[in-house]
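Order of the sequence lines sets the chain letters (A, B, ...), proteins ahead of strands, with each chain counted from 1.
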Protein chains: 2
Amino acid sequence: MRKNFLFMDTITNKVDTKGRVSLPSDYRTIVKDLSTEIVCYRSLFSPCIEGCTEELLDKLANDIENSLDFFSQTQDTLTNLIFGDAKRFPFDSTGRIMLSEKLLKHASISNTAVFVGKGRKFQIWNPQNWAKEEARLRNEVLKNRPSLKYEGERYD
Amino acid sequence: MRKNFLFMDTITNKVDTKGRVSLPSDYRTIVKDLSTEIVCYRSLFSPCIEGCTEELLDKLANDIENSLDFFSQTQDTLTNLIFGDAKRFPFDSTGRIMLSEKLLKHASISNTAVFVGKGRKFQIWNPQNWAKEEARLRNEVLKNRPSLKYEGERYD
DNA sequence: TCTCAATATATGGTATATCATGGGATTTTT
DNA sequence: AAAAATCCCATGATATACCATATATTGAGA
């Protein structure tokens with residue numbers, strides 16, 4: 001897995017009538033040396049779209065493949081949901097992608113989309129929903145400061 | 001195993017009176033440099049058709065052959081069933097395949113087929129059945145959030 | 001610190017290419 | 001000879017590529 005690339009910052013862009021949005025240029029440069037597309041899917045737990053490089057999903061596919069769990073049930077469930085939903089979104093020379101109806105609906109996005117960096121991934125939110133969610137998250141963190149455990153290999 | 005090919009997304013295509021279906025173009029490009037056919041077989045656990053590249057089945061055969069795994073006996077049985085059922089389905093210049101009666105019946109497909117990406121594999125469902133199955137899976141995931149953790153990365 | 005020019009990025013609109021699908025012609029199978 | 005499978009062409013819908021304009025960001029000079 002390539003290191004030193006992180007989706008960061010929060011950027012607000014317009015969605016036109018055809019569903020086109022400019023992918024923030026910072027995000028584009030992350031992918032550029034590999035390809036000209038990004039992968040998006042409906043978040044399983046939030047009303048937003050999630051995005052990442054195909055590289056990340058490819059790694060997931062590999063790990064599953066090599067775990068000798070070709071027939072495992074849990075793998076089955078999750079791979080169905082993630083790969084079944086994920087789709088490549090190529091961006092043209094002007095840097096736009098065309099989000100599908102399904103994705104836009106899931107995130108309640110119509111005119112405006114907010115890109116929120118999340119490290120190896122990013123999310124796309126409806127502006128109002130993101131404002132609320134961010135407030136909620138900040139509040140939660142203040143209340144019970146969670147530990148960022150490194151031994152357990154969880155960084156989220 | 002070749003990198004960077006993933007069956008993704010969910011695509012709905014028609015099955016015409018002759019039994020022809022367009023293999024989604026994204027799926028075709030995955031196979032194109034190798035061949036012009038895809039392998040399909042009846043899913044062992046769901047009322048759907050499964051598809052993959054011949055390459056993947058080849059890898060499966062190899063893995064079983066070289067496995068010292070204690071449970072490989074079970075894997076062996078399952079593999080037998082798959083190889084007994086699997087068949088190559090060539091697609092023509094317009095990208096269509098003709099699924100067999102046996103497969104269509106197993107998945108209860110008549111007019112419409114839904115292609116569901118699954119990483120290195122994909123599935124073909126009856127539309128109603130897939131809708132139900134997807135709902136079920138999403139529900140299950142929401143109830144008891146399983147972790148898809150591999151070497152510190154989270155994919156969900 | 002401010003202003004203005006230069007550059008990069010975002011957005012709107014239009015032309016072009018691609019894909020799914022229907023139908024007919026040709027070949028193969030039984 | 002009949003049935004089935006394969007191939008090939010035509011078409012409408014839709015996504016993609018491209019060009020043009022607007023907006024924002026950056027940097028230099030005062």
Between [atom2] on [N] and [atom1] on [X], what's the gap in Å once rounded to a whole number?
X	N	atom1	atom2	answer
B:Arg88	D:dA5	CZ	P	19 Å
A:Arg96	D:dA17	CZ	C1'	11 Å
A:Phe91	C:dA10	CZ	P	12 Å
A:Ile38	D:dT16	CD1	C1'	18 Å
A:Ile97	D:dT16	CD1	P	11 Å
B:Ile11	C:dC19	CD1	C1'	12 Å
A:Asp92	C:dA10	CG	P	12 Å
B:Met98	C:dG22	CE	P	15 Å

Q | Helix axis bend for the helix from C:dT1-D:dA30 to C:dT30-D:dA1 - C1'-based end axes, five pairs, 10° rounding | A | 40°
Please check if the side chain of [X] supplies one atom and the backbone of [Y] the other of a donor-acceptor pair under 3.5 Å.
X	Y	result
B:Arg28	B:Leu23	yes
A:Ser43	A:Glu50	no
A:Asn13	A:Val21	no
A:Asp85	A:Tyr41	no

Q) If Ile, Leu, Val, Met, Phe, Trp and Tyr residues are connected whenever their side-chain heavy atoms lie under 4.5 Å apart, and connections chain through other members, are B:Met98 and B:Phe91 in the same group? A) no
(Q) Check for me, please, whether A:Tyr27 and A:Leu99 land in the same ILVMFWY cluster - side-chain distances under 4.5 Å, paths through other members count. (A) yes
Q) Quick one: are A:Ser108 and A:Trp125 in side-chain contact, heavy atoms under 4.5 Å? A) no
Q. Should B:Arg120 and A:Asp58 count as side-chain neighbours, where that means a heavy-atom distance under 4.5 Å?
A. yes
Q. Where along residues 101-111 of chain A does a heavy atom come under 4.0 Å from DNA chain D, residue by residue in number order?
A. none
Q) In residues 12-25 of chain A, what residues come within less than 4.0 Å of DNA chain C, judged by heavy atoms? A) A:Asn13, A:Lys14, A:Asp16, A:Lys18, A:Arg20, A:Ser22, A:Leu23, A:Pro24, A:Ser25
Q) So does B:Glu134 pair up with A:Lys102, basic N to acidic O under 4.0 Å? A) no
Q | salt_bridge(A:Lys143, A:Glu140) N-O dist < 4.0 Å | A | no
Q. A:Phe122 pairs by ring-ring contact (aromatic ring centres under 6.0 Å, His included) with which of A:Phe7, A:Trp130, A:Phe5?
A. A:Phe7
Q: Assign each of B:Pro90 and B:Thr94 to its nearest nucleotide of DNA chain D by heavy atoms, then name whichever residue's nucleotide is nearer the 5' end.
A: B:Pro90
Q: State which of C:dT21, C:dT9, D:dA5 makes the closest approach to the side chain of A:Arg28.
A: C:dT9
